[in-house]
Number of protein chains: 2
Amino acid sequence: MGKRDIVYGLGENVGGINKRGSLYESFCSDDFDHTPDKSSLYAAHNFILIDGDKQIGLFFDYPGKIAFDIGYTHKDILSITSEKSNIDIYIIEGDNLLHIVQKFRNAIGQSYVPPKWAFGFQQSRWSYPNDKSITEVADNFRRNKIPCDAIYMDIDYMEDYKNFTIDKTKFPNFPNFVKEMKNKGFRLVPIIDAGCKKEDGYDICEEGLENNYYCVDKNGKPFVGAVWPGKVHFPDFLNPDTREWFGDKYSGLIEQGIEGFWNDMNEPAIFYSEDGLQKAFDKIEDIKGQNLDIYSFFDLKSTMLSISNSMDDYKSFYHNVDGEMVNHYDVHNLYGYNMTRAASDSFSSNYPDKRFLLFSRASYVGMHRYGGIWTGDNKSWWEHLELSIKMMPSLNMVGFLYSGADVGGFGCNSNSELVTRWTQFGIFTPLLRNHAALGTRLQEPFSFDSETTDILRNTLNFRYALIPYIYSEFMKSSKTGDMYIKPLSFEYRDEISRRVEDQLLVGDSLMVAPIYKANTFGRNVWLPEDMLLWKVNKYNNIEGLKIAPSGFNYIDVDIDEIPLFIKRDRILILGEHGENVAAINSDEITLIAFVDNCATYKLYDDDGETNQYKAGIFSELIITISKRDDELFNIETKTNGLSKIKKINYNIVTNKGRVLSGIKTI
Amino acid sequence: MGKRDIVYGLGENVGGINKRGSLYESFCSDDFDHTPDKSSLYAAHNFILIDGDKQIGLFFDYPGKIAFDIGYTHKDILSITSEKSNIDIYIIEGDNLLHIVQKFRNAIGQSYVPPKWAFGFQQSRWSYPNDKSITEVADNFRRNKIPCDAIYMDIDYMEDYKNFTIDKTKFPNFPNFVKEMKNKGFRLVPIIDAGCKKEDGYDICEEGLENNYYCVDKNGKPFVGAVWPGKVHFPDFLNPDTREWFGDKYSGLIEQGIEGFWNDMNEPAIFYSEDGLQKAFDKIEDIKGQNLDIYSFFDLKSTMLSISNSMDDYKSFYHNVDGEMVNHYDVHNLYGYNMTRAASDSFSSNYPDKRFLLFSRASYVGMHRYGGIWTGDNKSWWEHLELSIKMMPSLNMVGFLYSGADVGGFGCNSNSELVTRWTQFGIFTPLLRNHAALGTRLQEPFSFDSETTDILRNTLNFRYALIPYIYSEFMKSSKTGDMYIKPLSFEYRDEISRRVEDQLLVGDSLMVAPIYKANTFGRNVWLPEDMLLWKVNKYNNIEGLKIAPSGFNYIDVDIDEIPLFIKRDRILILGEHGENVAAINSDEITLIAFVDNCATYKLYDDDGETNQYKAGIFSELIITISKRDDELFNIETKTNGLSKIKKINYNIVTNKGRVLSGIKTI
């Protein structure tokens with residue numbers, strides 16, 4: 001590699017947008033400690049993109065463990081090693097970085113599209129234990145006038161963590177409760193885990209055993225691991241029959257009113273296997289008898305720590321692939337992918353015209369066609385806010401447009417400032433979910449002081465006002481293979497733009513520069529060209545628009561402000577907020593345009609619920625603003641399909657910084 | 001607290017220079033995982049400094065656990081809680097932040113002064129196993145012409161980890177080896193651990209038992225814990241008799257030629273106690289019998305993980321304080337302090353006129369009189385380079401001037417870029433040591449590619465050239481209670497200077513702005529006033545001096561460059577490099593001055609080996625450069641004591657950027 005070459009890619013992983021200097025390994029891992037030394041997270045996204053003298057994309061289609069030494073062993077040497085030789089390598093050339101990504105994306109298929117309500121704010125916690133506590137959270141949102149579309153049901157909603165069951169003591173009348181919540185404007189989103197409890201009389205267990213739907217050990221007996229329910233079997237998602245059977249099980253919940261799911265623990269996570277545990281106990285027994293020396297003690301400790309997700313366990317079970325026994329270890333990275341595919345395929349067969357919310361923890365390239373991902377069990381660390389910023393463009397490169405991190409951080413305790421700053425960035429990610437772990441401090445937007453509640457209300461109202469733009473940009477990116485979130489370098493080729501890792505392009509019109517450090521009231525922002533700066537405090541208070549000149553700009557940013565940059569000759573579209581997405585039904589939009597010469601925006605919309613858009617049933621409102629002289633602009637609109645927009649409140653900022661506001665009716 | 005108030009302090013801890021937003025706890029902890037959620041590291045430095053409408057220092061003199069909630073529970077509320085009421089609180093007022101620190105420092109006593117060779121580069125690894133491997137490392141330094149003054153001996157040099165022993169199979173003739181190494185220009189620095197092996201016939205064990213020098217359990221029997229040697233007793237360092245006895249044991253190594261020590265594991269770290277281990281085994285036995293459910297499994301895991309450094313163990317042993325049995329837990333934070341005091345007191349009695357290198361892992365406010373500290377077992381993470389930058393000024397506030405982090409990172413694997421950038425910052429810290437853990441990648445300066453070796457040679461040569469300045473500034477700070485490393489806010493009061501966390505003032509003349517992110521070739525630097533920028537590639541290549549204007553400056557910084565800023569009307573002094581400190585014996589210096597009007601520098605020096613400086617035996621060369629007109633400057637020198645400097649190569653940069661160079665003889 002040349003000294004200044006950049007290596008992008010690897011989707012969900014630690015490290016920067018530029019991956020140079022480290023050793024990465026694709027092996028979907030249930031590891032809740034995303035420290036900088038890790039080489040894998042939950043996904044295997046074997047795509048890299050080299051920006052050197054030549055620009056080139058490389059996709060390594062390989063289902064097992066593969067290592068990427070990107071200038072770690074020697075700073076200028078890139079070396080990729082798969083354990084076996086059954087690897088397909090795709091070399092993708094193109095006119096520029098974005099073009100290469102588009103070609104790759106067009107090859108791997110169109111990105112998953114969720115229903116429109118899934119662009120609303122979503123609240124989660126491990127766990128809201130029952131219908132009462134969920135109702136209380138919902139009421140708190142409404143009481144505090146903070147918009148929210150969905151509340152999550154983490155593992156405790158199930159009866160003994162059994163997939164597709166509902167604990168009746170916690171939810172005495174679940175279908176009714178789902179209906180009630182929907183009437184209040186909230187969807188409930190239950191978790192589905194990969195492992196299915198081994199229990200006599202449990203239908204999922206019995207049907208699976210009867211039909212050989214589970215992974216088996218070397219003797220052909222159903223493999224037993226332990227996860228949340230205790231002992232479980234793992235559905236063999238590489239078997240199409242298993243996929244069809246398991247996927248159809250989601251219907252049981254759908255029939256009770258559920259419209260969204262998150263698939264978890266599908267690397268798969270294995271807390272222990274019986275063999276693994278027995279070996280550990282044997283070792284403990286051995287060591288106990290001896291006069292324990294220190295290295296035996298550490299051995300003991302590491303024995304206990306390495307019981308979970310052990311390679312021995314992954315090597316000890318098998319899939320049935322077209323009648324052939326295939327060792328799990330060799331195809332490990334396809335497991336979560338095929339679980340999500342199972343659900344998605346079933347939705348398509350059983351509810352062909354309905355969109356469902358669906359996202360997964362584990363994934364492989366290609367799963368982006370079936371669902372989104374969240375970035376797993378991060379922590380309430382400022383470093384993880386920063387990591388989530390850097391991960392977003394990498395996820396977009398491999399097609400995971402519908403993605404986002406646990407806002408506020410999952411593990412460890414958050415504080416009001418971190419939740420605020422993280423939400424202020426999170427509003428630009430398609431999946432916007434606040435989630436926190438068992439035993440951690442409450443971090444719902446109303447859990448801190450009243451000033452913080454006020455700031456988060458304004459922040460989330462702004463998110464809802466952004467939905468027309470976000471949805472439009474998302475859908476266009478999904479359809480064309482474009483990236484919804486991009487590094488600056490994909491549009492601007494100066495050396496600083498090539499290297500900036502803490503600013504992102506969001507859709508076609510915006511650049512964001514989040515605050516991701518504690519106790520910070522400003523930051524430097526690199527502008528590759530003049531842009532229009534809007535420090536957003538309330539979205540319907542469009543004041544202080546200011547042209548920020550190209551070069552570095554230090555921007556003061558108070559705790560209640562979000563600095564937003566509108567590119568030259570681009571238009572930002574704003575709607576209105578509502579208590580949820582469905583409540584936004586306005587026939588007017590507001591636009592902020594920074595027009596030097598001519599700006600065009602194509603506002604895409606559709607019903608947000610069905611797949612009719614695939615049949616061409618959607619609307620496009622094309623707005624063109626062109627300059628006649630410094631004071632006069634033409635605003636033209638053209639509509640394809642049935643747009644409901646009747647009125648545009650426009651704010652045009654000229655290259656002299658003059659703001660021309662007015663109303664245009666359509 | 002006011003919204004923009006800053007809370008400084010807490011010495012060695014995670015978090016920023018500004019501590020707001022988190023919960024900290026002073027309880028010296030052997031925790032090798034310095035993640036952002038931790039509340040304690042190895043030290044208890046209960047000093048905070050509030051910069052609000054009023055500026056105020058607070059010192060909480062308390063030997064046990066004390067919590068600092070600095071705007072965590074509520075963002076604007078500061079709350080400090082000690083477990084018991086035997087607390088002395090000192091409120092320190094002053095004219096400004098630095099004045100408050102100086103008053104505090106003058107109250108707690110003068111900072112430890114090491115020998116001058118301890119300002120050289122030091123190389124460590126856990127472990128260079130024997131005399132051969134140490135010789136090889138030393139030869140590698142000389143072969144690569146990289147300066148180095150000391151090589152460290154980690155735990156494996158001992159016979160079965162027994163303090164004050166030497167493993168004779170690894171070091172057949174230790175005194176001879178020490179002499180050989182010294183002839184080559186290297187000091188050897190052995191580690192000393194707190195716990196002493198419980199072993200019949202081991203003199204330290206037997207003498208301690210005979211004389212009741214060890215901590216005891218509730219029945220008055222010597223307490224047994226397990227650390228590296230296996231079962232150990234812990235010297236009762238709160239007992240003056242124990243201190244004298246243990247301190248004098250260092251003489252055994254001193255008589256073999258050793259001149260420096262690092263005290264480790266003195267929180268104290270306890271891997272396990274017999275009680276703790278038995279309880280864990282009992283629990284495992286209990287759980288094994290049952291049909292293990294998942295929560296029992298996690299219980300089992302956390303049982304194993306919580307065996308080490310458990311509060312139960314800390315509560316189970318006692319000190320003899322003036323005949324009274326005092327529970328260890330209540331005075332925990334004084335343990336490492338008193339171990340280092342024991343060594344220091346013994347050196348003072350037995351070798352009153354000789355300075356020794358001495359630093360510790362655990363510490364408490366006041367220990368800075370006896371030794372320095374290193375910041376413990378960090379990791380090869382960019383985040384830990386950043387953390388080390390932020391920690392340095394906090395350590396200076398509590399008097400730990402002789403301090404530094406493990407350059408390159410201790411745990412995990414480093415790479416060439418991280419070692420380079422970390423060294424480029426480390427050259428400004430008084431303790432400059434590269435150290436890495438067992439099992440990690442080699443990270444000595446010559447362990448990577450030849451380009452990296454070249455860069456690190458130049459970087460370390462620059463360190464040696466800086467020693468006249470560093471030593472002078474260090475000694476003056478030690479004597480006056482000034483800070484050797486300061487946050488910008490201690491001199492500049494604008495709002496950006498108040499908040500900047502990634503630039504530091506080093507001594508009276510310099511500001512540094514390190515690179516602490518991967519793949520970075522430049523950064524923004526805040527200049528509160530015009531400063532002279534020197535991008536140092538080779539110290540004896542003084543080219544491209546440039547006045548950087550006040551405000552933000554984006555500075556290109558290639559991998560081999562160190563951006564350095566000389567303040568207005570200040571002078572930087574440079575000497576020359578040598579293979580070690582002793583080899584630098586030049587009678588000339590070079591100065592770079594940025595003179596608008598008049599600049600003065602007082603260059604302190606002394607013999608660097610003895611304590612004669614306390615009796616006034618030192619030299620001061622006072623250099624005054626004053627402007628006559630744009631082209632003419634007067635250079636005056638005045639000498640107090642016996643300065644050996646005969647010649648000054650001067651480079652004066654005027655406020656117009658003109659460089660006037662020449663030679664002045666004295």
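Of the two parts of A/Lys517, only the side chain, counted from C-beta on, holds a non-hydrogen atom closer than 4.5 Å to a non-hydrogen atom of chain B. Proximity to chain A is absent for every atom of B/Leu418, based on heavy atoms less than 4.5 angstrom apart. Using a 4.5 Å cut-off between heavy atoms, A/Leu277 contacts chain B through its side chain alone, with no backbone atom that close. Heavy-atom distances place both the backbone and the side chain of B/Asn18 under 4.5 Å from chain A. Looking at A/Ile6, neither its backbone nor its side chain comes within 4.5 Å of chain B, counting heavy atoms on both sides. For a residue to count as touching a neighbouring chain, one of its non-hydrogen atoms must lie under 4.5 Å from one of that chain's; by this rule A/Ile307 touches chain B with the side chain only. With a threshold of 4.5 angstrom between heavy atoms, A/Asp556 does not approach chain B through any atom at all. Interface remark: B/Glu386 contributes side-chain atoms only to the contact with chain A (heavy atom separation under 4.5 Å). With a threshold of 4.5 angstrom between heavy atoms, B/Glu383 approaches chain A through side-chain atoms but not through N, CA, C or O. B/Ser380 does not touch chain A: none of its heavy atoms, backbone or side chain, sits under 4.5 Å away. Contacts between A/Phe552 and chain B at a heavy-atom distance below 4.5 Å involve the side chain alone, from C-beta outward.
Comment: B/Lys75 engages A/Glu451 in a salt bridge, judged by a side-chain N to carboxylate O separation of less than 4.0 angstrom. Classification of B/Asp558 and A/Lys3 as a salt-bridged pair fails, no side-chain N sitting under 4.0 Å from a carboxylate O.
Residues A/Phe271 and B/Phe297 come closest through the heavy atom pair O-CZ, 3.4 Å. A pairwise comparison of heavy atoms in A/Ile294 and B/Gly230 identifies CG1-N, 3.4 Å as the closest pair. B/Arg499 approaches A/Asn519 most closely through the heavy-atom pair NH1-O, 3.3 Å.
Under the 3.5 Å distance criterion, with hydrogens and angles disregarded, no donor-acceptor pair is assigned to the side chains of B/Thr35 and A/Lys379.
Contacts with chain B were tallied for A/Phe521, A/Phe448, A/Trp382; A/Phe521 has the most, counting heavy-atom pairs under 4.5 Å. Contact count versus chain B (heavy atoms, under 4.5 Å) is highest, among A/Leu300, A/Thr452, A/Asn413, A/Asp449, for A/Asp449. Considering only heavy-atom pairs separated by less than 4.5 Å from chain B, the leading option among A/Leu305, A/Leu23, A/Asp33 is A/Leu305.
Taking CD1 of B/Ile496 as the start and OH of A/Tyr554 as the end, the distance is 4.5 Å to the nearest 0.5 Å. Between A/Asp37 atom CG and B/Trp381 atom CH2 the span is 5.5 Å, to the nearest 0.5 Å. Taking OG of B/Ser416 as the start and CG of A/Asp76 as the end, the distance is 8.0 Å to the nearest 0.5 Å.
Residues B/Trp526 and A/Asn524 fail the side-chain proximity criterion, which asks for heavy atoms closer than 4.5 Å.
By the side chain to side chain contact (heavy atoms under 4.5 Å, CB included) test, A/Val500 pairs with A/Leu488, A/Asp502, A/Gln503, sequence neighbours left out. Residues that satisfy the salt bridge (Lys or Arg N to Asp or Glu O under 4.0 Å) test with A/Arg498, not counting sequence neighbours, are A/Asp51, A/Glu495.
Surrounding NZ of B/Lys198 are at most 12 heavy atoms belonging to other residues, nucleotides or ligands under 6.0 Å away. The environment of A/Phe32 atom CZ is sparse: at most 12 non-hydrogen atoms of other residues, nucleotides or ligands sit within 6.0 angstrom.
Taking the six-membered ring where the residue is Trp, A/Tyr295 and B/Trp228 present tilted rings, their angle falling between 30° and 60°.
The closest donor-acceptor contact from the side chain of A/Asn415 to the backbone of B/Tyr72 lies at 3.5 Å or more, if one exists at all. Between the side chain of A/Arg441 and the backbone N or O of B/Thr73 there is at least one donor-acceptor pair closer than 3.5 Å.
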